[in-house]
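What follows is a single structure, and I will ask about it in a moment.
Please read all numbers here as calculations on a predicted model, not as lab measurements. Throughout, a chain's letter reflects where its sequence line sits, starting with A, and its residues are numbered from 1.
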Number of protein chains: 2
Amino acid sequence: MPPSLTSAIATPRPRRLVVAGTEGCATCAICEVRANGICSALNDPELERLAQVAVKVVIPPGQIFIEEGARADEFFNVTSGTVKLFKSLPDGRRQITGFVSVGHFLGLAVSKTYAFGAEAIDQVRLCRFSRTRLDPVINEIPRLERRLLSEAANELVAAQEQMLLLGRKTARERVASFLQELLEKEYGDSPAPGAWISFPMTRADIADYLGLTVETVSRTLSGLRREGLITVRNGHEISIITPSRLHAIARGEG
Amino acid sequence: MPPSLTSAIATPRPRRLVVAGTEGCATCAICEVRANGICSALNDPELERLAQVAVKVVIPPGQIFIEEGARADEFFNVTSGTVKLFKSLPDGRRQITGFVSVGHFLGLAVSKTYAFGAEAIDQVRLCRFSRTRLDPVINEIPRLERRLLSEAANELVAAQEQMLLLGRKTARERVASFLQELLEKEYGDSPAPGAWISFPMTRADIADYLGLTVETVSRTLSGLRREGLITVRNGHEISIITPSRLHAIARGEG
DNA sequence: CGGTCTATTGAGCCAAATCAAGATGCGTGG
DNA sequence: CCACGCATCTTGATTTGGCTCAATAGACCG
């Protein structure tokens, strides 16, 4: 199981952090994603308090807005689009630790620096909070802290699941797990066989997420297609024909 | 990179949860590990409050005291010994997601059931709290919740590091990373070259932690020994001769 | 319609898994 | 004390799943 240098290096490194578009500070109360993420835990006056320290920003596709190892003095809340979180080795090998989208809170790292990087896959909208300004708000609103704790616990569970995948699953099982995850994100646990799911990440992203190479991901998807388990459209839309079969494969019972 | 069925199955499944020794409820104020873990965040009256809901238990080596998927109605705080946390696939493949020892808090899972299992490696002492009794205490003491959040964030960082290891590192880099981790747990970041570090886990545990097989772990350790980077004594004690070389290997610069 | 990414497919290779002996250590009981 | 049984660890021989290298095929875009 040699490291896949090329898959990581071949990915063109997106340009560095440049100034992202700022949309001014809208009131959170009328935020279109108020029902999602940490904001859903707050009432109107609390949201008002939060709005005072929030700045909405727009990040273009491919831009890194959290640099690994940089000083961690900002938090983010994703309001639209998809973000990839990653860690890298000095020689460029890269592991994507998660894809996150609307409602997700970023920057929980307690240390002085970010332990991971974050890059926009498609166009991403964020609420940005400076740490120094958010901290007192968190202290004021215990429910917010409780919400963060519960979010952290959920992420921990997901991380453990991913460790099982990376340490013990075959390529086929990994790809099936990934598709399964897409399905669940879209439809919860109701299978919805045959519906089209579109995803923004490239094969290289999927490979770096699953600890594989681009070629293996591509080959494995082709295999599943040939077996009639899935259909692929435009490369970035799939339809899962037999969710239960896929689920069995993902758990190693395929 | 086929799954290592044997390494997981060969490991004899320890007996099921039987009644563990109970030591009665000592006051936390005089607890020998008061300075560690969540308790260190509390003052005397708060500890007194905590003591009311805590039960000290002793777990013999090899016993599973958290069953994957079981109802999660208890929390634990490790006061001595070493615990392995793991997730398994239906066919027995196993991934150890972490080794935890004194001061560590277990059971953060927000869901109804535990997402992972926990097994004592050597003799383990725990403080056990029932969820229903601990919840109000957490609500009363915001500092406790903050402490839990910070612990969760730290675990998340460790989990991301482990995903990088499992997804992108070679066997040699994984073993070096593991040894590096042992060294850091023992001495922080001051290298202490040549000192003996003893660890309780077997080669099978290490393999299940690093996503390798027993044979590969053994061979790799032999390799590092042959190269004069480490010395091994009794199989469960090592001395790291050149910490900086090891660290370089762990980061993929070896 | 050429240029540049991104994805697919094929051929060959290699790191780690699997299979197979031994070696070492350790508790138990004669 | 040693002999036995059992588990753990090490080492060797062989196999293989996924990586690497290489070439082609789409997709997108100015």
| query | A:Leu224 CG to C:dT8 C1': how many Å, rounded? | reply | 15 Å
| Among D:dC19, C:dT6, C:dA17, which nucleotide sits nearest the side chain of A:Thr202? | C:dT6
| note | Assign each of A:Arg172 and B:Arg203 the nucleotide of DNA chain D bearing its closest heavy atom; nearer the 5' end lies the nucleotide of B:Arg203
| message | Would you say that B:Leu183 contacts B:Leu246 through its side chain, given a criterion of any heavy-atom pair below 4.5 Å between the two side chains? | response | no
| request: Any side chain to side chain donor-acceptor pair (under 3.5 Å) involving residues 185-201 of chain A? Give me the pairs, sequence neighbours left out, ordered by first then second residue. | output: none
| query | Are A:Arg225 and A:Ser222 linked by a side-chain donor-acceptor pair shorter than 3.5 Å? | reply | yes
| said: Students often get this wrong, so: under 4.0 angstrom with heavy atoms, is B:Ser222 touching a base, only sugar-phosphate, or nothing? | reply: sugar-phosphate
| remark: So NZ of A:Lys87 and CG of B:Leu165: to nearest 0.5 Å the spacing works out to 11.0 Å
| request: Provide, to the nearest angstrom, the distance between the CZ atom belonging to B:Arg225 and the P atom belonging to D:dT11. | output: 6 Å
| request: Report the distance from atom CG of B:Leu166 to atom P of C:dA16, rounded to the nearest whole Å. | output: 13 Å
| query | Taking atom C1' of D:dC9 as reference, at what distance in whole Å does atom CG of B:Leu212 sit? | reply | 16 Å
| task | Starting at atom CG of B:Asn234, determine the distance to atom P of C:dC26, rounded to an integer number of angstrom. | result | 7 Å
| request: Ignoring backbone atoms, test whether A:Thr216 places a side-chain nitrogen or oxygen under 4.0 Å from the OP1 or OP2 oxygen of D:dG18. | output: no
| request: Let me know the distance between CD of A:Glu237 and C1' of C:dA7, rounded to the nearest Å. | output: 16 Å
| request: Using whole Å, report how far CZ of A:Arg168 lies from C1' of D:dG17. | output: 15 Å
| message | Any donor-acceptor pair under 3.5 Å linking the side-chain atoms of A:Glu151 with those of A:Asn154? | response | no
| Do you see a donor-acceptor pair shorter than 3.5 Å between the side chains of A:Thr216 and A:Arg219? | no
| message | Tell me the interatomic distance from A:Lys169, atom NZ, to D:dG17, atom P, rounded to whole angstroms. | response | 19 Å
| query | Do B:Phe65 and B:Phe76 have their ring centres less than 6.0 Å from each other? | reply | yes
Which atoms of nucleotides 12-15 of chain D (N or O only) lie under 3.5 Å from a protein N or O atom, and what are those distances?
from	atom 1	to	atom 2	distance (Å)
D:dG12	N7	B:Arg219	NH1	2.8
D:dG12	O6	B:Arg219	NH2	3.4

| field | Residue B:Thr213, side-chain atoms from C-beta onward, closest of C:dA17, D:dC9, D:dC19 | value | C:dA17
| said: Under 4.0 Å from OP1 or OP2 of D:dA27: is there any side-chain N or O of A:His236 that close? | reply: no
